[in-house]
Every structure is written in C-alpha cells, then in structure tokens.
Amino acid sequence: MAERAPLRLGFLMFPGFPMACLTSAIEPLRAANEITGRRQFDWRLVAETRAPVRSSADLGFDPHETLQDTEGLDHLYILAPPTAEFADPRRSPARLRWLDRTGLTLGAFSGGIFPLARAGLMEGRPCSVHWCYEAAFKAEFPNVTASEAVILRDGRRNTVSGAGAVFDLMLRLVEERLGRDCMTEVACWFQHPFVRDEDASQKVPVSLAGATADALPAQIRDAIRLFETHIEDPLRIPDVAAALRLSGRHFERLFKRETGQSPLRYYQHLRLSKARQRVLYSNDSLRDIAASVGYVTSSPMIRHYTEIFGVSPKDERRLTRALRLARAGAPESKSVE
C-alpha cells in the first residue's frame with residue numbers, strides 16, 4: 001500500500017502576527033512526525049511578499065513562498081493582529097477566495113479572523129473570536145456570528161481564539177490522522193494535560209478581580225451577563241439587583257465580596273474596556289465609540305477612559321498605531337479621530 005502523503009498546512013503571516021500561535025501550531029505537528037518516524041505533517045510559512053515578516057515578539061520570519069505562489073496545501077491559516085491590512089488589497093483577497101474554491105480548509109488564529117472576514121470568506125458562518133477583540137469584530141462585521149468557543153470548526157473553516165486553543169486544534173488534527181494514542185503522546189511531550197473539547201468556551205477574566213467569570217457564584221455570573229448584554233443601553237444597578245431577586249444592599253455587598261469592587265465600578269470598567277477594543281482595533285470615531293458603550297457624548301467617555309487607563313483614547317490610538325506601523329516598516333499616517 002502506498003504511503004499516505006503528509007497533511008500540508010500553510011501559515012499566512014501578517015506583520016505583528018502572534019508568534020505564540022505559530023509555535024503552538026508547528027510544535028505538536030513536529031512532535032507527531034518525530035514520534036511516528038514519518039513526515040505525517042508538512043508546513044509552509046506564507047506571506048504576501050518574500051520579505052521577512054516581523055511577529056508580535058519583534059522577531060522576523062522568512063516565508064517559504066508568497067500567497068500568490070502557494071499551491072498544493074490542504075489547510076491555510078491566517079495569523080495576524082486584528083488591524084492587519086492586505087498589502088495588495090485587490091489580488092490577495094481574490095487569491096484567498098480562489099484557494100477556497102479549490103477545496104482547501106481555510107482558518108484563522110486570534111486576530112487573523114479579521115482579514116479572513118475582510119476577504120469575504122466568513123459570510124454566513126460562525127467563527128471563534130477572542131474575547132479581547134469581540135467588540136471591535138462585532139462592530140466591523142455585524143452579519144458574522146462571533147462565538148465564545150475556543151475552537152470553531154464549520155465545514156472548511158477552522159477558527160481559533162488564541163495560542164493555547166491552537167495547540168488543541170493541532171492535537172485534534174493529530175488524533176484524526178494518527179489516532180488517540182499518538183495524540184496523547186504528543187500532548188504528554190509538552191505536558192499539555194487537558195485537551196479542551198471544541199465546544200469549550202473561552203476563559204474570560206473578571207476585571208480587577210483576579211478571577212475568571214466561571215469561578216464566580218451563579219448570581220454574580222448572571223449579573224455580569226446582564227452587564228455584558230447591555231453595553232450600549234446601560235442598566236441601572238437597582239434594576240439588575242431586582243432582576244436577580246436581591247435587595248440593592250445585598251447585591252452590592254455580594255458583588256463586592258466576590259469581585260473586590262462595586263457593581264457600578266465593574267460595569268463602568270466593562271463598558272470602557274469594550275470602548276478600548278474599538279479605539280485600538282478599529283477606525284471608528286470617538287463619538288461613535290462613545291455611543292456604542294452608552295455615552296450620549298464623547299466627552300465623559302474620554303474623561304472616564306483616561307481616569308481608568310491612564311491615557312486618553314486619542315493618544316492611546318496614536319501611540320499604538322505608530323508602534324504597529326514601525327513594526328511593519330511603514331511611515332505613520334494621520335490618526336482617525
């Protein structure tokens with residue numbers, strides 16, 4: 001019987017891509033090859049040009065081939081920050097759409113979901129979106145369903161929220177190709193003892209509490225869920241307490257005991273954190289951002305933002321954008337206010 005060809009994966013890198021996602025993808029595949037003594041998996045680094053691509057850790061990676069030249073892949077995953085833009089906005093998205101028509105599996109890690117969606121390849125499909133990009137993603141792509149799942153595999157689309165989940169996806173590919181025994185050995189090589197189910201939800205930190213939401217009592221989780229679903233139209237704290245069938249005083253005490261802060265302070269921080277996502281990862285005006293988190297005008301939002309984060313939204317956007325452009329080797333452009 002002829003030996004099966006290796007599964008061929010490409011990783012399309014944009015400047016500033018999360019390096020941990022790349023290593024989390026390649027290392028378990030490398031280990032599977034070593035354990036079996038055969039080239040079960042092959043991988044290629046892909047970019048829009050042949051120039052080295054600098055990662056989030058400011059280390060450069062030389063691509064094996066360009067997006068226009070790549071062929072013969074079974075999977076292609078985009079690695080990018082959420083602000084990534086195509087160097088060739090006409091040919092590159094068209095090339096991705098052509099590759100999709102050839103039948104390969106397309107996917108994205110972390111912020112890579114943004115250019116995949118910008119290429120028009122997520123219409124009508126749900127996708128995994130990292131919690132720290134959720135507000136920016138929903139604002140830009142209101143017709144794409146953003147999921148809290150750490151991994152979402154939908155037909156020929158594999159989307160993953162972060163580096164730890166990338167490792168889990170690769171373990172699934174190892175298991176599907178080589179069996180559970182090999183997958184378990186690969187996991188143990190890296191002391192990765194817990195392989196999450198694909199429907200597992202992301203762990204989300206509770207602001208200023210040093211805990212994740214799933215570790216809190218049910219009533220506090222319910223309160224936080226109410227806060228999260230009323231960002232643009234903020235609720236009154238007494239109304240939240242009433243919805244939970246608690247007195248206002250008891251709700252205040254319980255919430256502060258479990259999170260270390262009052263419900264009002266937590267709610268304000270949550271709304272401003274959503275605003276910060278759009279400040280950092282979108283070109284939306286401060287007026288529109290303020291409205292999206294329940295402020296009638298931008299002035300109080302700017303004041304509260306500066307008090308909480310220690311920098312104004314305008315300055316943070318300008319400084320962050322300058323850093324990204326420096327990494328990409330491009331001249332700074334005028335900020336969008």
Side-chain angles (χ1 to χ4, degrees), residues 6-27 29-30 41-102 104-122 130 133 136 140 158-160 162-163 166 170 280-283 317-336:
L7 188 71
R8 298 156 297 184
L9 295 87
F11 301 105
L12 175 57
M13 307 175 296
F14 283 74
F17 74 89
M19 190 176 76
C21 287
L22 181 61
T23 57
S24 292
I26 291 176
E27 282 296 282
L29 304 181
R30 174 193 64 82
F41 299 94
D42 198 4
W43 52 86
R44 311 290 290 171
L45 301 185
V46 184
E48 288 189 83
T49 72
R50 292 197 172 273
V53 182
R54 301 198 76 78
S55 71
S56 57
D58 208 26
L59 297 176
F61 288 78
D62 295 323
H64 295 104
E65 57 207 21
T66 68
L67 177 61
Q68 297 301 324
D69 294 335
T70 193
E71 58 183 23
L73 296 176
D74 300 301
H75 292 213
L76 178 64
Y77 295 97
I78 298 179
L79 293 84
T83 52
E85 296 180 358
F86 289 101
D88 188 336
R90 183 180 64 85
R91 296 177 69 222
S92 294
R95 177 66 173 176
L96 286 173
R97 292 190 291 270
W98 181 85
L99 289 169
D100 178 46
R101 291 194 294 272
T102 68
L104 89 168
T105 294
L106 287 171
F109 301 156
S110 190
I113 188 61
F114 283 78
L116 187 61
R118 288 175 189 138
L121 288 160
M122 292 308 302
H130 196 288
Y133 302 144
E140 185 173 351
N158 293 344
T159 54
V160 186
V166 170
M170 295 301 117
L280 297 178
Y281 307 125
S282 81
N283 292 324
R317 174 175 273 180
R318 177 179 57 81
L319 292 169
T320 303
R321 188 163 296 170
L323 179 62
R324 293 183 191 126
L325 291 171
R327 181 181 288 131
E332 184 174 1
S333 59
K334 185 178 179 180
S335 297
V336 177

Problem set entry | Test item: T70 side-chain N/O and L67 main-chain N/O as donor-acceptor pair under 3.5 Å | no
Exercise. Quick check, are the ring centers of F17 and F61 under 6.0 angstrom apart?
Worked result: yes
For this session: For residues 75-85, pull every pair meeting salt bridge (Lys or Arg N to Asp or Glu O under 4.0 Å), keeping only residues two or more places apart or in separate chains.
Result: none
For this session: Classify the angle between the aromatic ring planes of F11 and Y77 as parallel (below 30°), tilted (30 to 60°) or perpendicular (above 60°).
Result: parallel
Problem set entry | Greater than 12 external heavy atoms within 6.0 Å of E71's CD | no
Problem set entry | E140 to R118 - nearest heavy-atom pair and separation | OE2-NE, 2.8 Å
Exercise. Looking only at heavy atoms, what is the nearest atom pair of P63 and A51, with distance?
Worked result: CD-O, 3.5 Å
Problem set entry | Ion pair check, R44 and D69, cut-off under 4.0 Å | no
For this session: Identify, with sequence neighbours excluded, every residue that meets salt bridge (Lys or Arg N to Asp or Glu O under 4.0 Å) alongside E27.
Result: R30
For this session: Take N283 and R321 through the test side chain to side chain contact (heavy atoms under 4.5 Å, CB included) and record every step on the way to the result.
Result: CA-CA 11 Å; N283 292 324; R321 188 163 296 170; 3.0 Å; yes
Exercise. Where do F86 and S92 come nearest, in terms of heavy atoms and distance?
Worked result: CD2-CB, 3.5 Å
For this session: Considering non-hydrogen atoms only, spot the tightest contact between F41 and W43 and give its length.
Result: O-CZ3, 3.6 Å
